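Structure, as structure tokens:
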Amino acid sequence: QVQLIETGGGLVQAGGSLRLSCAASGRTFSSYAMGWFRQAPGKEREFVAAISWTGVTTYYADSVKGRATISRYNGKNAVYLQLNNLKPEDTALYYCAAQRLYTGTDYRYRNYTEYDYWGQGTQVTVSS
């Protein structure tokens, strides 16, 4: 069982940066792939970034590629999402998610239906 809690969201001017953190409980954290998703009001949940259980492989949505960096440090049971050059379109509730996955297709990393555990979300609001 994994419990997740996100922090680091807030209000930021366009062009600014935020570092989102996801703290996870559970002794099996290191065997989980981790992902970040976001959801704006009235819109479907959207993939942002993911990282393999080894931390070697990362995935990014085209909308944030070059502006986002996902990383993890299993020793701290933590995963991070660095967001730079933020845009108003980035405004959303950001969720951290986890799934048991050693190897898989791109689809499994990018689709929220594949994930088993979710945090409550942290709000990111980018003003113009």
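This chain uses plain numbering: 1 for the first residue, then up along the sequence. Quick caveat, the model's predicted, so the values are computed rather than measured. These values consider heavy atoms only, across backbone and side chains, with no hydrogens, waters or symmetry-generated copies.
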Practice task
Could you check Glu6 against Ser21 for side chain to side chain contact (heavy atoms under 4.5 Å, CB included), going step by step and ending with a plain yes or no?
Solution key: CA-CA 6 Å; Glu6 305 95 334; Ser21 298; over 6 Å; no

Practice task
Treat each ILVMFWY residue as a node, draw an edge where side-chain heavy atoms are under 4.5 Å apart, and state whether Tyr117 and Phe47 are in one component.
Solution key: no

Fill in the blank from the handout: For Leu101 and Ala33, the nearest pair of non-hydrogen atoms, with its separation, is CB-CB, 4.0 Å

Exercise for the section: Quick one: sort the Phe37 and Trp118 rings into parallel, tilted or perpendicular, breaks at 30° and 60°. Expected result: tilted

Problem - Euclidean distance, Trp53 CH2 relative to Arg72 CZ, rounded to 0.5 Å - result: 9.5 Å

Exercise for the section: Please name the pair of heavy atoms, one in Ala24 and one in Leu4, separated by the smallest distance, quoted to 0.1 Å. Expected result: CB-CD2, 3.4 Å

Problem - Shortest non-hydrogen contact between Leu93 and Gly121, atoms and distance - result: CD1-C, 3.8 Å

Exercise for the section: Work out which heavy atom in Pro88 is nearest to a heavy atom in Ala14; give both atom names and the distance. Expected result: CD-CB, 4.2 Å

Problem - Ring-face cation of Arg19 near Tyr80 (centre distance under 6.0 Å, axis angle within 45°) - result: yes

Practice task
With the side chain counted from C-beta on, respond yes when Tyr107 and Thr113 share a heavy-atom pair under 4.5 Å apart, and no when they do not.
Solution key: yes

Problem - Distance-only donor-acceptor check, side chains Gln99 and Arg108, under 3.5 Å - result: yes

Practice task
Could you tell me the separation between the CG atom of Leu83 and the OG atom of Ser17, rounded to the nearest 0.5 Å?
Solution key: 8.0 Å

Problem - Side chain to side chain, Thr7 and Thr122, heavy atoms closer than 4.5 Å - result: no

Exercise for the section: Measure the spacing between NZ of Lys65 and OH of Tyr60 and express it to the nearest 0.5 Å. Expected result: 10.0 Å

Practice task
Could you check if a side-chain atom of Ile5 sits within less than 4.5 angstrom of a side-chain atom of Cys22, using non-hydrogen atoms only?
Solution key: no

Problem - Verdict with reasoning, Ser71 to Gln82, per side chain to side chain contact (heavy atoms under 4.5 Å, CB included) - result: CA-CA 8 Å; Ser71 60; Gln82 178 70 37; over 6 Å; no

Completion exercise
In Asn84, Asn85, Asp90, the residue satisfying side chain to side chain donor-acceptor pair (under 3.5 Å) with Arg67 is Asp90

Handout entry: Neighbour count above 12 (heavy atom, 6.0 Å) for Gln3 CD
Key = no

Exercise for the section: Measure the shortest side-chain to side-chain distance between Tyr109 and Tyr115 over non-hydrogen atoms and say whether it is less than 4.5 angstrom. Expected result: yes

Practice task
For atom OH of Tyr112, decide whether the heavy atoms of other residues, nucleotides or ligands shown that lie under 6.0 angstrom number more than 12.
Solution key: no

Exercise for the section: Could you tell me whether Trp36 and Tyr95 have their ring centroids closer than 6.0 angstrom? Expected result: no

Exercise for the section: From the options Thr91, Leu11, Leu20, select the one residue that forms a side chain to side chain contact (heavy atoms under 4.5 Å, CB included) with Val124. Expected result: Leu20

Practice task
Flag the pair Ser52 / Met34 as yes when at least one side-chain heavy-atom distance between them is below 4.5 Å, and no otherwise.
Solution key: no

Exercise for the section: Scan side-chain atoms only and decide if Tyr94 and Arg38 contain a donor-acceptor pair under the 3.5 Å cut-off. Expected result: yes

Problem - For the student: nearest non-hydrogen atoms of Glu46 and Ser63, plus distance - result: OE2-OG, 3.7 Å

Practice task
Among Asp106, Val48, Ile70, Ile51, find the residue that satisfies the side chain to side chain contact (heavy atoms under 4.5 Å, CB included) test when tested with Tyr59.
Solution key: Asp106

